[in-house]
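Remarks on the structure that follows.
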Amino acid sequence: MHRIPEEFRSKVFIRLFLSYVIIIAAFMLIYFGFYMYSYSSHYADMERREWQQQTAAWGMEMDQQLFAAQSLCAAVNTSESCRSILQTAYVERKTIDTMQLYKVLNELKRIKASSSNMNVYNVLLCFQGDTKAYSAGSVISFDGHSGILADSPFIGEASVSGLLGLSSPSNVLLNKQYLIYADTYTAMGTSSARGTVLVLLAQNGLQTLTRSALGEDVGSCLLRNGEVILQSGEVTDLVFTAESMVDSGLVYQVYVDPAVLRAPFTFSVLLPMLMFGMLGLVFMLITYRQAKRYYQPIGNIGKMIESKAGSQDEIEDILDGIRGLIGERNGYREKMVTISPYAQQGMLHSILSGEVDNQRLAVLIDEKYVELRKAYFMLALVNVAGVSGLEPGTLQYQDAQELMEHVCREMTTDEVSVVCCRKSIQELYVIINSDDEKGMENHFYDLYSRCVEALDDQRYAVTIGVSRLESDLESLRAACRSAERALEQMLTGGRGCVYFSEPERGLQERSYYFPKDALKRMTRGLREGHLEDLQAMLDELYRVNIVENDLPLNEVRAMVDELHLNARSALRAAYDMRTTHIQIERIRDAATIEEIFSYYRTVFETALQKSRELDEPAVQSGLEEEICRYIDEHFCDPELSLNRLADQFGVSTKMIGLICKNTYGKTFLQHVRDKQIQRAVQLLESTDNPLEDIAQQCGFTNLLTFRRNFKAVMGMNPSDFRK
């Protein structure tokens with residue numbers, strides 16, 4: 001017969017132990033119910049958000065295709081070579097000479113090549129009543145005469161023959177089905193339509209793009225003004241919609257099986273419940289062990305009191321005994337100075353930045369003025385950067401750092417100590433100190449998620465570089481350097497991640513690609529003003545080194561350094577005779593490879609823009625004031641455009657754009673849009689007019705365009721603003 005443990009003979013122990021058991025059991029039941037409900041609802045919401053984001057992403061990618069086609073049509077309309085052949089053959093009724101034809105075909109070929117969109121199959125120009133179509137590099141003859149589109153621009157799935165009513169059974173280009181973007185040809189902005197410009201987008205490429213964005217078995221549909229243009233896959237009841245930014249009547253729809261919203265209760269999902277149940281049993285066992293451990297001296301006190309006084313009041317006697325023993329623990333804790341107050345006083349920042357010499361640091365360690373309470377620590381460098389078009393200012397970065405410091409204070413517990421200090425306006429040192437060696441990395445993932453949640457702002461990207469595990473305070477500076485090297489991995493990995501320190505690779509033979517004639521190509525492109533050649537060379541470097549090859553981090557750094565040296569030398573060589581030079585600085589802050597390439601693209605664009613500004617004669621101040629006054633008086637006119645201003649004042653559209661940039665600090669379209677939204681805000685605040693009337697009074701052609709532009713400027717819909 002098993003003997004009952006002695007502690008269970010005491011009512012004090014039984015009541016204490018059972019109270020904890022009941023609390024643990026009740027908490028487990030509440031957790032199980034809440035877990036099942038929250039998991040199901042969270043899974044459905046997460047799936048909806050994910051599919052909505054995928055739909056928006058697919059819509060943006062399709063918009064890029066249409067925007068590229070729109071730009072190509074505009075380029076053909078402004079082509080001098082196309083206008084010249086129209087004037088010669090169809091206005092003056094003369095024979096087109098070989099040189100004119102050669103220029104037109106090569107101009108169309110150049111326009112097609114200027115687009116980086118690989119899905120653009122061809123660009124065609126058909127004049128009204130003609131029996132020929134001019135494409136990139138060739139002339140195509142057909143039966144019948146081409147006409148003018150009744151509704152332009154046209155976006156839809158069709159063949160060229162079917163769209164223009166042509167007959168050419170032997171020509172594959174005219175009879176094959178494409179996604180066509182077609183617009184009228186007006187010969188450099190004149191009011192009368194003279195023909196049609198067609199941009200042919202390959203369906204195979206668009207289908208590949210759709211499958212890449214949505215998956216293989218997902219249905220999709222492209223509608224324009226309620227009519228289906230392009231559809232693939234199966235139509236289901238669960239529909240996600242995204243509006244086009246290119247055409248107000250264009251809508252993208254994605255059809256998803258509603259079964260994706262049902263949460264799968266697999267073993268991996270139920271595993272946390274099983275583990276939590278086991279954890280509850282473990283807690284009960286721990287509760288029993290701890291209760292037994294701490295009840296032992298209480299039981300001894302009870303025995304001592306009973307033997308001396310013979311009292312029958314067991315609980316009161318035990319409490320009296322405990323009160324007498326409390327004083328024995330006073331003064332037990334050793335006085336020690338931790339690292340936390342030194343972080344507040346700047347001592348930690350001085351150690352990390354190297355302002356404390358080795359001799360002084362050794363004294364601090366030996367005398368135990370600075371010591372870590374736990375056995376292990378890891379150091380992280382937290383970087384916060386703006387990723388949207390509007391770069392946050394100094395005050396915004398300071399607010400972001402205060403939020404992250406608050407997160408560090410909240411993470412501090414008896415088992416884990418979290419200390420932080422600022423390195424710069426965008427970077428923060430964080431030290432996590434714990435006795436749990438294996439769970440250290442999880443704390444940094446928790447730190448990342450909490451920082452993102454605390455900021456709750458898509459303008460910021462949080463990136464963390466983490467050092468190796470250390471156990472000696474003398475390794476604090478080495479851990480700092482290790483965290484900085486870990487953060488450099490964002491160069492190829494991008495922002496918004498947690499990077500851990502990796503072993504350094506030794507010196508290797510150069511393996512990255514860099515053209516031998518890169519300096520010559522850059523210089524020629526800058527001198528001749530060929531921005532597309534400079535962009536093509538940057539795209540080539542990015543594609544070969546980043547997309548096609550998985551280069552180590554040190555090779556990527558070397559390639560970026562060589563790019564900087566060549567760009568600086570090309571700028572000096574191209575503008576050595578100019579009074580104004582372009583200043584180019586090496587990027588020294590933590591940055592991604594995409595941000596670095598974007599920086600050099602901007603450098604080349606700025607250089608060419610300044611060069612054109614020096615070469616183009618300045619506009620008279622009186623005419624400039626007259627143009628600005630006209631814009632500010634007619635910004636609500638829906639017919640106001642760059643071409644209209646250029647025709648009215650006798651200057652180029654490029655000069656109008658330059659005047660707006662110098663006067664308002666923004667482009668013509670941005671200034672007009674901001675003025676329209678300012679007027680809309682005044683009407684919303686001062687009148688009760690319907691939104692349709694306000695949109696029309698402010699120069700918007702339809703309510704959808706008004707809502708989209710209002711939300712882009714004000715951050716909310718006009719109806720919400722009025723509330």
- Task: Take Val197 and Leu124 through the test side-chain contact (heavy atoms from CB on, under 4.5 Å) and record every step on the way to the result.
- Result: CA-CA 6 Å; Val197 184; Leu124 275 71; over 6 Å; no
- Message: Please determine whether side chain to side chain donor-acceptor pair (under 3.5 Å) holds for the pair Gln535 and Glu605, giving the CA-CA distance in whole Å, both sets of side-chain angles, and the decisive distance to 0.1 Å.
- Response: CA-CA 9 Å; Gln535 300 283 25; Glu605 291 175 359; 3.1 Å; yes
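Taking CG from Leu101 and NZ from Lys132, the interatomic distance works out to 9.5 Å, rounded to the nearest 0.5 Å. For the atom pair CG of Asn689 and CD of Gln697, the computed distance is 5.5 Å after rounding to the nearest 0.5 Å. Note: Tyr121 OH to Gln203 CD = 12.5 Å, rounded to the nearest 0.5 Å. Glu243 contributes atom CD, which lies 9.5 Å from atom OG of Ser248 (distance to the nearest 0.5 angstrom).
In this structure, Gln52 contributes its side chain and Thr241 its backbone to a donor-acceptor pair below 3.5 Å. A distance-only check finds a donor-acceptor pair linking the side chain of Asp97 to the backbone of Met99 [under 3.5 Å]. In terms of modelled atom types and a separation under 3.5 Å, the side chain of Ser161 and the main chain of Leu174 share a donor-acceptor contact. Put simply, the side chain of Thr236 gets close to the backbone of Val256: a donor and an acceptor are under 3.5 Å apart. Checking side-chain atoms of Thr78 against main-chain N and O of Ala75 turns up a donor-acceptor pair under 3.5 Å. Distance alone, capped at 3.5 Å, is enough to place a donor-acceptor pair between the Gln676 side chain and the Phe635 backbone. Under the 3.5 Å distance criterion, the side-chain polar atoms of Asp517 are left unmatched by any main-chain donor or acceptor of Lys520. Remark: the backbone N or O of Thr208 is not paired with any side-chain donor or acceptor of Ser212 at under 3.5 angstrom.
Leu209 has its side chain within reach of Asn119: a pair of non-hydrogen atoms, C-beta onward, lies under 4.5 Å apart. Leu538 places none of its side-chain heavy atoms less than 4.5 Å from the side chain of Leu534. The shortest distance between side-chain heavy atoms of Asn122 and Lys112 falls below 4.5 Å.
If you check the side chains of Asn175 and Ser159, you find no donor sitting under 3.5 Å from an acceptor. Looking at Glu594 and Tyr542, their side chains do bring a donor and an acceptor atom within 3.5 Å of each other. Checked by atom type, the side-chain pair Ser232/Gln207 shows no donor-acceptor distance below 3.5 Å. No hydrogens or angles considered: a donor-acceptor pair under 3.5 Å links the side chains of Glu540 and Tyr513.
Ionic pairing of Asp539 and Arg601 is present here: one or more N-O contacts between side-chain nitrogen and carboxylate oxygen are shorter than 4.0 angstrom. The existence of a salt bridge linking Asp247 and Arg224 is confirmed by a sub-4.0 Å separation between a basic side-chain nitrogen and an acidic carboxylate oxygen.
Contact detail for Thr186 and Ala193: the closest heavy-atom pair is CG2-CA, 4.4 Å. Between Arg83 and Tyr185, the closest heavy-atom pair is N-OH, 3.2 Å. Residues Cys628 and Ile659 approach most closely at SG-CG2, 3.8 Å, considering heavy atoms. Closest approach of Leu108 and Cys82 over heavy atoms only: CD2-SG, 4.2 Å. Looking at every heavy atom in both residues, Leu179 comes nearest to Leu206 through CD2-CD1, 3.3 Å. Among all heavy-atom pairs drawn from Leu608 and Leu526, the shortest one is CD2-O, 3.5 Å.
Remark: aromatic rings of Phe700 and Phe710 are distant, center separation not under 6.0 Å.
The aromatic rings of Tyr630 and His634 lie parallel to each other, their planes meeting at an angle below 30°, with 60° marking the opposite boundary.
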